Asker: 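Below is a structure I'd like to ask you about.
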Amino acid sequence: MFPYPSAEGLHVGNMYAFTGADIYGRWKRLTGEQVFEPIGFDAFGIHSENFALKSGTHPMELIPSNIRNFTRQLTRIGAMYDWNHVVDTTDPAYYRWTQWLFLQLFKAGLAEKKEAPVNWCPSCHTVLANEQVIAGECERCGSTVEQRVLSQWFFTITDYAQRLLDNLKWIDWSDSTKKAQENWIGRSEGAEIWFQIDTPWEAEAGSEVAQAVDEARQYHREHPEDGEFDQILSVSVFTTRPDTVFGATFLVLAPEHPLVEWITTPECKAEVEAYRERAAAMDLVSRKKTDKEKTGVFTGAYAINPATHEPVPVWIADYVLMEYGTGAIMAVPGHDERDFEFATQFGLPITRVIAGAGDDSTSPMTEAFVDEGVLVNSGEFDGTPSLAAISKITGWLEEAGFAERRVNYRLHDWCISRQRYWGPPIPIVYCDACGTVPVPEDQLPVVLPHVDNYKPDESGVSPLARVESWYRVPCPECGAEARRETDVSDTFLDSAWYFLRYPSANCDDVPFRADITKQWLPVDMYIGGEEHAVLHLLYSRFITMVLKDLGHIDFEEPFLRFRKHGLLIKEGSKMSKSRGNVVIPDQYLEEWGADTFRTYLMFLGPYQEGGDFRDQGLQGPFGFLHRLWDTVLPVEALGTGAPSGEVEQKLHATIRKVRDDIANLSYNTAIAAMMEYLNVVRAGNRKVNRGEVEPLVVLVAPFAPHMAEELWQQLGHDASIFTGSNWPAHDDARATADTVEFVVQVNGRVRARMAMARGIDQDAAHAAALADDNVRKHLEGVQVRKVIFVPDRLLNLVVG
RNA sequence: GCCCGGGUGGUGAAAUGGCAAACACGGCGGACUCAAAAUCCGCUGCCGGCAACGGCUUGUGGGUUCGAGUCCCACCCCGGGCACCA
């Protein structure tokens, strides 16, 4: 994963991630594979822009200087990057193709413009992401955040929800990452159910509502086969619990629901309007707080429960969200905690329709019963187990024309518009005559102009909207005066396709060349932090699927294997600027060298779980590498005999273990195995042979490439250790020792350990055990009832 | 509330159901040194014992098993993610 080049410079977390990936790549190369290991810079986005605003340096100067600094640091960490294929998302030669990508989605109908509520900080004059709203206030200035409705570009990623979910079954990714995506996509199966409005009042003659109802009635008379009339005068709800429909004692609509205007009675109008206004002003984060007290108002309207045929009141409340399902729910207070709370607060009826163990149809309800049970108070379905009733009742309502089976996803469409400056302009032109016109591909890139005042203002539009000379352009179709889109696109779009660009980074005429892409992609191994589990990794998958569907590539998953690495902490606590405990690699590289630093980072804990960085810990790998150096040099002092005996066995076992551990990213135990081997080689100050250490130099090369390279040359090789395939072969037969340490237990407690020949049979082992004094002592006066024999491991004598 | 991780010596951590604590750090003792650093050697989970050896020990409580850090059930704590998603 390429870094965001911050002004602070390379963080040790970056280096941790990159080193882990580099070791895997270097190991692959040592085994003779061709490896492409690229690096680049994800340099657009609000992060850089905010830093630029604060520091007073324009992003167009700030970013190149940050990239220079990062490049300097990255050349020192010992990674084998291909510096001829660097990608920089802010380079017009790159974002030209990001804009091209937008156009492909636009032409395929996957990009659409629609109104959407956003968080707005009235003092910073900017749209805020949900993460930037803390307790209803702007994280930077503390002003109360408002909700605004803006027109934005969306990618319809929801069209791909099922496929994004299905492919998770076969891609080889860390389980926790797959699980996070599964939760984010949030598939729920259920039903859409229609509740007909039982209008208890006559709409004011001549009013909009009365007119619309008349039109609908008229249409229905002419087209009875459509059933449109029912649709207009009914509330459609989504539920995963159709089994509880007999307990739906009221309906709740989201305050923004369009039907509210139609059904609210004149008496309730004032209150409803006031409530809707309040909800509209509230920021999106605090509105969704679960611990907030339930609020809501009655619309005056009633709807007919299709199961009970009873009228139920229709309310509006902000705990129902317009963007999920149909924006309306059937409230079942007896069996849903939120509905129960709402009903209790407003004195609405609560009916039990599912009985748990020990309940009957009249058991009082003091809290929502959400478990499985048996249906009660549900007409002909009484006695049905609730799980089975889900399908039965759905079918029954379907037959009567009141329901339809439905799948809903929590995943929302991807809003890619940003009313900011530091991003690629969205390549669209608005023309009065031609409408929304895509910029022709041969006119890309739409270059982001250098703008001195790029600070966002209260208008809610991008800073580019103040640059008339830039946004006034002739329409590409009719030539009339037209206006550019002044929003830029989301940074996540830049990073959703960069892996495709890497191998083709030097191609000017296409985003990625077909032959090169075929050779190198999809990515064989992708390593990165869990913080990107959903956004980046999901968007990349979506974009790849789209490009496959549009015929640009022939695979639909970008990363065949993904492994997340863990989080590095410092002496027990999270690294942060405010704590002042952030580890800057520079000083460590200076003091210890890249080889020691890399090896330590990989040794301090299991790579996929993270670990605790302690300065003292560097001593271990430092000593190990130095001992290796001292053992190999001077080369003339090394003996020439072939490895034999214990050293030979340990060598073969070590080669195998290091290979297996690197393949599993278990770097810490790979390093421990190499240390153990070196300890055996050096034990008792024995004479060391060349054949015993030369393979170790190769094993250590992925971790300490500089030193390994030097030792390799000292050992007389001309070419780099990473050319050809120098990974040593091992022999499984020689990796196992002839004798094993065998354990004798009495009742599961170890009473003796003895060296035995490998492959010894039970009788011989038993005889040897009985010859041991301590074992005999523990067998005195008792009878052996059972003997457990585990070959080459242990003998357990069970006595009683 | 839901979904992932995790809880093992003084510390970072190892351990296909089969010797808990590999590998390191730190500490203690020793060699070298006038001395210190560096380096090298030895010891180092806890309790008892001169020792042989014995007992105890992987967050808590139960269970399965000849045998559990590992599997099952219930719970506690820590880290991360999602969250009024019907």
Side-chain angles (χ1 to χ4, degrees), chain A residues 174-180 182-184 186-188 190 237-241 244 252 287-292 294 317-321 323-332 335-339 341-342 370 408-412 530-531 533-534 564 566-567 569 571-572 574 600 603-606 608-624 626-627 630 666 668-679 682 684-685 741-753 773-774 777-778 785-790 792-800:
Chain A
S174 294
D175 284 337
S176 58
T177 312
K178 290 209 262 189
K179 199 78 195 163
E182 192 184 315
N183 290 343
W184 187 265
R187 179 191 157 99
S188 343
V237 304
F238 174 74
T239 180
T240 55
R241 297 292 306 274
T244 63
V252 188
R287 161 143 178 203
K288 292 184 183 177
K289 273 267 186 291
T290 48
D291 49 3
K292 191 177 63 135
K294 294 267 181 299
D318 65 6
Y319 81 94
V320 175
L321 309 173
E323 69 261 28
Y324 185 77
T326 61
I329 60 159
M330 63 173 204
V332 185
H335 305 282
D336 180 282
E337 278 160 21
R338 297 152 300 180
D339 299 343
E341 198 191 322
F342 192 83
V370 296
N408 250 312
Y409 301 92
R410 180 168 23 215
L411 183 69
H412 293 337
E530 185 77 331
E531 70 273 16
V534 281
K564 59 131 202 191
L567 189 70
I569 56 171
E571 274 146 23
K574 210 169 164 169
Y600 172 60
F603 182 62
L604 56 72
Q608 295 188 71
E609 281 160 45
D612 196 355
F613 187 98
R614 280 163 200 260
D615 287 5
Q616 271 183 339
L618 281 142
Q619 204 58 242
F622 180 82
F624 164 64
H626 274 259
R627 278 192 293 281
D630 289 342
S666 301
N668 56 333
T669 51
I671 294 165
M674 291 187 282
M675 288 172 165
E676 248 181 276
Y677 174 64
L678 186 62
N679 289 345
R682 288 166 57 97
N685 221 358
E741 204 185 3
F742 198 86
V743 168
V744 181
Q745 298 182 331
V746 177
N747 271 1
R749 316 196 73 116
V750 179
R751 296 306 178 191
R753 297 153 212 260
D773 286 348
N774 200 38
K777 204 172 84 192
H778 284 92
R785 296 193 183 280
K786 194 170 174 182
V787 179
I788 307 286
F789 175 70
V790 182
D792 293 334
R793 281 189 188 272
L794 64 75
L795 188 77
N796 186 10
L797 304 171
V798 185
V799 300

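Labels below follow one simple rule: chain letters A, B, ... track the order of the sequence lines, proteins then strands, and each chain is numbered from 1. What you see is a predicted model; the values in this text were computed from it and never measured.
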Asker: Minimum heavy-atom separation for A:Asp339 and A:Asp336, please, with both atom names.
Answerer: N-OD1, 3.0 Å
Asker: Please report the distance separating the C1' of B:G9 from the corresponding atom of B:A22, rounded so that it comes out in whole Å.
Answerer: 13 Å
Asker: With pairs taken as Watson-Crick or G-U wobble and both distances under 3.5 angstrom, which stems of at least three consecutive pairs involve RNA chain B?
Answerer: B:1-7 with B:76-82, B:10-12 with B:23-25, B:26-31 with B:39-44, B:45-48 with B:53-56, B:59-63 with B:71-75
Asker: Among B:U16, B:C23, B:U11, find the nucleotide with the atom closest to the side chain of A:Arg793.
Answerer: B:U16
Asker: Could you say whether A:Ala328 or A:Trp184 is positioned toward the 5' end of RNA chain B, judged by the nucleotide with the nearest heavy atom to each?
Answerer: A:Trp184
Asker: Have a look at A:Glu741 and say if it touches a base, only the backbone sugar-phosphate, or nothing, with a 4.0 Å heavy-atom cut-off.
Answerer: base
Asker: Considering only side-chain heavy atoms of A:Val750, which listed nucleotide, B:C19, B:A86, B:G54, is closest?
Answerer: B:C19
Asker: Kindly say if A:Arg751 contacts the phosphate of B:G55, meaning a side-chain N or O under 4.0 Å from OP1 or OP2.
Answerer: yes
Asker: So does A:Arg749 get a side-chain nitrogen or oxygen closer than 4.0 Å to the phosphate oxygens (OP1/OP2) of B:C56?
Answerer: yes
Asker: Taking only N and O in the side chain of A:Asn679, is any of them less than 4.0 Å away from OP1 or OP2 of B:A24?
Answerer: yes
Asker: Could you work out the separation of B:C76 and B:G26 based on their C1' atoms and round it to a whole Å?
Answerer: 31 Å
Asker: Can you give each donor-acceptor pair under 3.5 Å made by side-chain atoms of residues 792-800 of chain A, sequence neighbours left out, with the distance rounded to 0.1 Å?
Answerer:
from     : atom 1 : to       : atom 2 : distance (Å)
A:Asp792 : OD1    : A:Gly759 : N      : 2.7
A:Asn796 : OD1    : A:Gly748 : N      : 3.0

Asker: For the pair made of CD in A:Glu531 and C1' in B:C82, what is the distance, rounded to whole Å?
Answerer: 16 Å
Asker: Show your reasoning for whether ring-ring contact (aromatic ring centres under 6.0 Å, His included) applies to A:Tyr600 and A:Phe613.
Answerer: CA-CA 9 Å; A:Tyr600 172 60; A:Phe613 187 98; 5.4 Å; yes
Asker: Checking contacts here: which listed nucleotide (B:A22, B:A24, B:C25) is nearest the side-chain heavy atoms of A:Phe603?
Answerer: B:A24
Asker: Return the 5'-most residue of the pair A:Gly623, A:Ile329 with respect to RNA chain B, ranking by each residue's nearest nucleotide.
Answerer: A:Gly623
Asker: Could you pull out the closest heavy-atom pair between A:Val370 and A:His335, with the gap in Å?
Answerer: CG1-O, 3.6 Å
Asker: Over all strands shown, is A:Asp339 touching base, sugar-phosphate only, or nothing at heavy-atom distances under 4.0 angstrom?
Answerer: nothing
Asker: Starting from C1' on B:A83, measure out to OH on A:Tyr324 and report it in whole angstrom.
Answerer: 13 Å
Asker: Of all the nucleotides listed (B:A22, B:G12, B:C66), which has the minimum atom distance to the side chain of A:Leu604?
Answerer: B:G12
Asker: Are A:Glu341 and A:Tyr319 side-chain neighbours, meaning at least one heavy-atom pair lies under 4.5 Å?
Answerer: no
Asker: Would you measure the distance from the P atom in B:G59 across to the matching atom in B:U70 and give it in whole Å?
Answerer: 8 Å
Asker: Could you tell me how far B:A74 sits from B:G79 if I compare only their P atoms? Round to whole Å.
Answerer: 24 Å
Asker: When the C1' atoms of B:G10 and B:G81 are considered, how many whole Å apart are they?
Answerer: 33 Å
Asker: When you compare B:G61 with B:U11, how far apart are their C1' atoms, in angstrom units rounded to a whole number?
Answerer: 29 Å
Asker: B:C25 and B:C72: how far apart are their C1' atoms, nearest whole angstrom?
Answerer: 37 Å
Asker: Could you work out which one of B:A86, B:G54, B:C25 sits closest to the side chain of A:His778?
Answerer: B:G54
Asker: Return yes when atom CD of A:Glu337 has more than 12 non-hydrogen atoms of other residues, nucleotides or ligands closer than 6.0 Å, and no otherwise.
Answerer: no
Asker: Does the side chain to side chain contact (heavy atoms under 4.5 Å, CB included) test come out yes or no for A:Arg751 and A:Asn774, once each step is laid out?
Answerer: CA-CA 6 Å; A:Arg751 296 306 178 191; A:Asn774 200 38; 4.2 Å; yes
Asker: How far apart are the closest heavy atoms of A:Ala672 and A:Phe603, and which atoms are they?
Answerer: N-CE1, 4.2 Å
Asker: Of the listed nucleotides (B:U39, B:C84, B:C19), which one gets closest to any side-chain atom of A:Gln619?
Answerer: B:U39
Asker: Quick one: label A:Gly748 by what it contacts on the DNA or RNA (base, sugar-phosphate, nothing), any heavy atom closer than 4.0 Å.
Answerer: nothing
Asker: Can you measure A:Leu795 atom CG to B:C19 atom P for me and round it to whole angstrom units?
Answerer: 14 Å
Asker: Taking any heavy-atom pair under 4.0 Å as a contact, classify A:Arg614: base, sugar-phosphate, or nothing.
Answerer: sugar-phosphate
Asker: With a 4.0 Å limit, can you tell me whether A:Thr669 has a side-chain N or O closer than that to the phosphate oxygens OP1/OP2 of B:A15?
Answerer: no
Asker: Counting side-chain heavy atoms from CB outward, which of B:C84, B:A14, B:G18 is closest to A:Asn668?
Answerer: B:A14
Asker: I want to check one thing: is the phosphate of B:C3, taken as OP1 and OP2, less than 4.0 Å away from some side-chain N or O of A:Lys179?
Answerer: no
Asker: Could you tell me how far apart A:Asn685 (CG) and B:U39 (C1') are, to the nearest whole angstrom?
Answerer: 12 Å
Asker: Tell me: CD of A:Gln745 to P of B:G67, nearest whole Å?
Answerer: 10 Å
Asker: Return the CD to CD distance between A:Glu530 and A:Gln608, rounded to the nearest 0.5 Å.
Answerer: 10.5 Å
Asker: Are any of A:His335's side-chain N or O atoms less than 4.0 Å away from OP1 or OP2 of B:A86?
Answerer: no
Asker: Any idea which of B:G12, B:C84, B:A14 is nearest the A:Pro606 side chain?
Answerer: B:A14
Asker: Would you give me the side-chain donor-acceptor pairs under 3.5 Å for residues 324-332 of chain A, sequence neighbours excluded?
Answerer:
from     : atom 1 : to       : atom 2 : distance (Å)
A:Tyr324 : OH     : A:Ser188 : OG     : 3.1
A:Thr326 : OG1    : A:Ser236 : O      : 2.6
A:Thr326 : OG1    : A:Ala328 : N      : 3.4
A:Thr326 : OG1    : A:Ala328 : O      : 3.3

Asker: In this structure, how many angstroms lie between the P atom of B:G6 and the CD1 atom of A:Ile569, rounded?
Answerer: 15 Å
Asker: Counting side-chain heavy atoms from CB outward, which of B:G80, B:C66, B:U16 is closest to A:Lys574?
Answerer: B:G80
Asker: Taking all heavy atoms of A:Val743 and all of A:Arg753, pick out the closest pair and write down the distance.
Answerer: CG2-CG, 4.4 Å
Asker: Under 4.0 Å between any heavy atoms, over every strand shown, what does A:Val320 touch: base, sugar-phosphate, or nothing? Just pick one.
Answerer: base
Asker: Tell me the interatomic distance from A:Arg187, atom CZ, to B:A86, atom P, rounded to whole angstroms.
Answerer: 13 Å
Asker: Using the C1' atom as the point on both nucleotides, what is the distance between B:C46 and B:U58, in whole Å?
Answerer: 14 Å
Asker: Give the nucleotide from the list B:G55, B:C19, B:G18 with an atom nearest to the side chain of A:Arg753.
Answerer: B:C19
Asker: Is the glycosidic angle of B:G9 within 90° of 0, making it syn, or outside that range, making it anti?
Answerer: syn
Asker: What contact category does A:Asp612 fall into here, base, sugar-phosphate, or nothing, at under 4.0 angstrom with non-hydrogen atoms?
Answerer: sugar-phosphate
Asker: Could you tell me how far apart A:Gln616 (CD) and B:G10 (C1') are, to the nearest whole angstrom?
Answerer: 11 Å
